[in-house]
> 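For reference, the structure I am asking about is given below.
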Amino acid sequence: MRQPPAPLFPESPAIALSSIARQSVAGIYILQDANFQYSNDTFAGMAGYNGDEVVGRPLRECVPPDYEAEVMDRYNRRISGEVKSMRFITRGLHRDGHVVYIEVHGQAMEFRGRPAVVGVGVNVTEQLLRDEELRQSRQEYRQLASYLNTMREQQRAEYAREVHDVLGGLLTSMKLDVGRIARRSRSSAIRGIAADLNALLVEAIGNVREISESMRPQALDHLGLAAAMASHLARFRERAGLRASLEPLDFELDLPRWRSIGVFRIFQEALTNVARHAKATAVVVRLRHEADDFVLEIEDNGCGMAAADCFEPNPLRFSLGLISMRERAHELGGELRIDSAPGQGTRVVLTAPIVSNPLAMHA
Ligand SMILES: Nc1ncnc2c1ncn2[C@@H]1O[C@H](COP(=O)(O)OP(=O)(O)O)[C@@H](O)[C@H]1O
Ligand SMILES: [Mg+2]
């Protein structure tokens with residue numbers, strides 16, 4: 001004859017379950033008549049007590065005073081049967097007075113024949129504090145990044161002015177003098193040297209203009225974003241030796257200067273990356289409106305990059321370009337997306353609102 005299977009719980013199931021509850025790593029409690037009828041040591045331990053010390057205590061005494069009404073309301077809604085089960089983060093009062101955060105899942109159930117709430121809780125205080133610290137340090141980092149960008153733009157504008165006015169002015173005077181030498185000298189040897197010097201000076205003046213323009217794009221102020229981009233793209237095409245186009249050429253976008261410079265810097269960095277990393281033969285820059293946003297796309301047909309690099313630029317490699325573009329996008333109230341895969345080219349997409357949030361830092 002076959003033996004009946006050994007019982008799962010050698011003693012009564014109730015004893016086994018209460019032993020499981022006692023040893024559980026999750027907090028377990030039962031509330032009835034707005035008092036704790038049961039608490040295991042884990043749950044009570046979150047407030048600095050052991051299980052027995054909590055039994056019989058009113059629920060309202062175990063939470064911060066300003067939180068009592070909310071806790072009692074939630075309790076009553078379950079006891080009355082209005083809601084069967086609730087999951088939320090609650091505040092509890094620790095024995096030594098500080099507040100603990102507990103994520104609980106409590107259900108309406110019958111206990112000794114009458115309505116009660118039976119729940120499970122996990123202490124999430126540390127996790128919430130860490131989240132808050134992370135949120136704060138992220139906010140500080142954003143403020144710092146934004147401050148540094150503003151300072152950098154101010155410095156660039158100063159250098160651009162110095163380079164353009166002082167250095168450019170000197171070179172232009174030298175060029176005039178070289179012209180005078182050439183006109184006054186009868187020696188063809190000297191006139192030849194003057195002509196060479198003149199050519200060098202023309203080149204130097206061009207370089208100065210280009211350096212000062214890239215530090216503070218005057219075209220942005222005078223001609224608007226699309227025209228400044230077109231003019232930068234024309235120079236880029238020559239220097240990088242690849243096809244580069246802007247679509248459309250006459251895009252209208254009226255942004256305050258600090259915002260248009262932000263968009264322009266993202267555009268510049270994306271192009272620098274194309275020249276430096278992509279091994280591309282063509283790049284297309286597109287501007288368009290999308291509802292209340294504008295969209296800037298810089299797409300190349302180069303070697304592309306791994307998805308991990310698009311989303312987690314590695315600051316240890318000092319590749320801060322992508323991070324800085326993303327921060328600029330954030331400052332503009334928008335976001336930056338990078339679509340890329342090895343061998344598939346790269347598309348950098350900035351989407352930002354046309355009208356900036358009136359509370360934005362620089363508005
Ligand atoms: N258009 C692109 N094509 C291919 N790889 C790119 C492109 N843009 C960026 N990358 C890759 O992403 C990395 C990070 O770029 P970035 O943050 O601008 O740093 P950096 O240009 O200083 O290396 C680059 O080193 C490069 O490997
Ligand atoms: Mg870069």
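Numbering of ligands and ligand atoms starts at 1, following listing order.
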> Tell me which part of Leu322 gets within contact of ligand 1: side chain, backbone, both or neither, using heavy atoms under 4.0 Å.
both
> Please identify which atoms of ligand 1 are closer than 4.0 Å to at least one heavy atom of Glu269.
18 (O)
> Is the shortest N/O to N/O distance between Gly321 and ligand 1 below 3.5 Å?
yes
> Looking only at distance, does Met305 have an N or O less than 3.5 Å from an N or O of ligand 1?
no
> Do the rings of Phe267 and Phe264 sit parallel, tilted or perpendicular, given the 30° and 60° boundaries?
tilted
> Between the side chains of Glu327 and Asn149, does any donor sit under 3.5 Å from an acceptor?
no
> Got a salt bridge between Glu290 and Arg288, using NZ or NE/NH1/NH2 to carboxylate O under 4.0 Å?
yes
> So that I can tick it off, tell me whether Arg328 and Glu269 are bridged by a salt bridge, with the cut-off set at under 4.0 angstrom between side-chain N and carboxylate O.
no
> Considering only heavy atoms, does Met325 approach ligand 1 within less than 4.0 Å through its side chain, its backbone, both, or neither?
neither
> Of the choices Gly304, Gly345, Gly302, which has the non-hydrogen atom that lies closest to atom 4 (C) of ligand 1?
Gly304
> Look at the N, O or S atoms of Asn273, main chain and side chain alike, and state whether any lies under 2.8 Å from the Mg ion (ligand 2).
yes
> Check Glu153 with Arg156, please: is the shortest side-chain N to carboxylate O separation under 4.0 Å?
yes
> Looking at the Mg ion (ligand 2), which N/O/S atom of Glu269 is the nearest one?
OE2
> Minimum heavy-atom separation for Ala47 and Leu93, please, with both atom names.
CB-O, 3.7 Å
> Using a heavy-atom cut-off of under 4.0 Å, does the side chain or the backbone of Ile323 touch ligand 1, or both, or neither?
neither
> Check whether the side chains of Arg265 and Gln268 place a donor and an acceptor atom closer than 3.5 Å, and report yes or no.
yes
